[in-house]
2 protein chains.
Amino acid sequence: MPQKPQQEAGDAVDVVAAQWRRERPDLGHLDAMALVGRISRANNLMQKGMKPVFAQYGLEFAEFDVLATLCRTGAPYELTAGGLLRSAMVTSGAITNRLDRLEKKGLIERVPHPGDRRAIKVRLTTEGYDLVNTVVEAHVENEARMLAGLTKTERAALDTGLRRLLVSLGDTDLG
Amino acid sequence: MPQKPQQEAGDAVDVVAAQWRRERPDLGHLDAMALVGRISRANNLMQKGMKPVFAQYGLEFAEFDVLATLCRTGAPYELTAGGLLRSAMVTSGAITNRLDRLEKKGLIERVPHPGDRRAIKVRLTTEGYDLVNTVVEAHVENEARMLAGLTKTERAALDTGLRRLLVSLGDTDLG
DNA sequence: GTCAAGTATCTCAACGTTGAGAGATTCTGA
DNA sequence: TCAGAATCTCTCAACGTTGAGATACTTGAC
């Protein structure tokens with residue numbers, strides 16, 4: 001009869017934690033350090049795994065992020081630059097840069113904001129709309145593939161834990 | 001009698017997922033997309049939370065990462081550049097850059113590798129050793145503080161899920 | 001021994017982000 | 001109504017990473 005292993009398989013962070021325990025046995029909170037380290041490494045691996053999919057369509061992750069944010073807001077696929085930067089968690093300089101590149105590619109256009117002349121509206125062009133709707137399908141397929149090593153139950157448990165973490169950090173909306 | 005809420009509190013990713021469901025009801029794997037999004041946002045928030053601690057000591061995260069890697073290997077606190085870049089998950093150019101900066105600050109030194117003249121050994125100086133041992137204490141305290149909104153049980157469950165994910169991605173050692 | 005293949009590090013240009021600051025516009029309260 | 005505070009976007013220099021290529025050295029097969 002198959003038995004669940006008593007001992008979980010170790011990952012790279014277990015190695016790191018063991019090294020710290022040996023070198024600094026007085027150091028507390030190693031569990032916190034390990035958890036943060038796991039989030040960081042998982043993010044790193046996920047990003048590396050996504051990059052080739054976007055590259056297939058001539059996009060960087062940062063560019064896809066903008067297009068996807070506009071797409072999922074629904075028609076008329078418009079958002080201010082400020083809305084985009086808060087959603088993407090980057091600074092204003094980064095958004096200006098991303099919009100410049102996407103505008104040059106003809107995937108978005110900047111239109112005046114009616115009612116606030118400080119602001120602009122960023123709008124998906126037809127080309128941008130078509131592209132992002134294609135890319136997002138390949139993208140989610142790829143994400144699902146990267147997570148396929150976990151059971152549905154494991155994924156759900158992980159998801160719940162991460163949601164609680166985000167809520168506890170105050171990350172409850174996009175603005 | 002206090003009751004656990006039936007409904008989990010929502011985070012920013014719940015908002016994103018709801019937008020996609022509305023705009024693209026045909027899109028599958030939204031659970032995978034949400035999980036990846038949560039890892040990304042959690043990482044982003046953690047990084048932002050760590051930055052000020054390192055800044056207090058005149059360090060960037062990337063620099064601390066190198067010093068900490070050397071420190072936790074134990075005496076004589078040496079590693080090759082290749083070992084460092086694999087541990088840090090960055091490219092060779094990035095490591096050269098980090099080592100240049102740390103060398104300029106007097107926190108590490110490059111010494112010839114005995115037995116392989118292609119390689120170098122990167123060694124913590126006394127100044128580097130003292131600094132990293134101080135900073136790491138403030139750093140883990142800070143990490144623990146950022147995670148304090150979760151119960152011990154929640155943190156353990158999250159940690160287990162992330163370890164399984166990393167193992168499933170093949171991230172079982174440092175190089 | 002010799003040569004091809006592999007490995008270790010560094011170089012360098014392209015790229016993207018940060019963060020401070022400027023300019024323009026809108027909001028707020030007296 | 002008006003001045004000061006706040007907000008929105010853009011500019012720009014500093015910084016860090018990537019990724020391809022160069023250089024030097026080592027290894028393995030013959």
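Here is the naming used below: chain letters follow the sequence lines, and residue numbers restart at 1 for every chain.
- The ring-ring contact (aromatic ring centres under 6.0 Å, His included) contacts involving residues 111-130 of chain B comprise Tyr77(B)-Tyr129(B), where partners must be two or more places apart or lie in separate chains.
- A salt bridge does not link Asp11(A) with Arg164(B): none of the charged nitrogens is closer than 4.0 Å to a carboxylate oxygen.
- Cluster membership for Leu131(B) and Phe61(B), using ILVMFWY side-chain heavy atoms within less than 4.5 angstrom, is shared.
- A residue-by-residue look at Arg98(B) and Gly83(A) shows that Gly83(A) has its nearest nucleotide of DNA chain D further toward the 5' end.
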Could you list the protein-to-nucleotides 24-28 of chain D atom pairs, N/O on both sides, closer than 3.5 Å?
residue	atom	partner	partner atom	Å
dT26(D)	OP1	Arg117(B)	N	3.1

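- The end-to-end axis angle of the helix from dG1(C)-dC30(D) to dA30(C)-dT1(D), rounded to 10 degrees and based on five pairs per end, is 30°.
- Under a hydrophobic clustering in which Ile, Leu, Val, Met, Phe, Trp and Tyr are joined whenever their side-chain heavy atoms come within less than 4.5 Å, directly or via other members, Val167(B) and Leu162(B) fall into different clusters.
- The pair Glu60(A)-Lys51(A) fails the salt-bridge criterion, with no side-chain N (NZ, NE, NH1 or NH2) lying under 4.0 Å from an Asp/Glu carboxylate O.
- With a 4.5 Å cut-off on side-chain heavy atoms, Leu84(A) and Leu70(A) count as touching.
- Read 5' to 3', the first and last nucleotides of DNA chain C with an atom closer than 4.0 Å to a heavy atom of chain A are dG16(C) to dT26(C).
- Note on residues 82-93 of chain A: pairs passing side-chain hydrogen bond (donor to acceptor under 3.5 Å, both in side chains), not counting sequence neighbours, are Arg72(A)-Ser87(A).
- Within the nucleic acid shown, Gly82(A) comes within 4.0 Å of sugar-phosphate atoms alone, with no base atom in reach, counting heavy atoms only.
- Within residues 51-77 of chain B, the residues that have a heavy atom under 4.0 Å from DNA chain C are, in order of number, Lys51(B).
- Counting non-hydrogen atoms under 4.0 angstrom, Ala94(A) reaches a base of the nucleic acid.
- One side chain, Asn142(A) or Arg145(A), offers a donor N or O that lies under 3.5 Å from an acceptor on the other.
- Judged by closest nucleotide on DNA chain D, Arg86(A) is the one of Arg86(A) and Lys48(A) placed further toward the 5' end.
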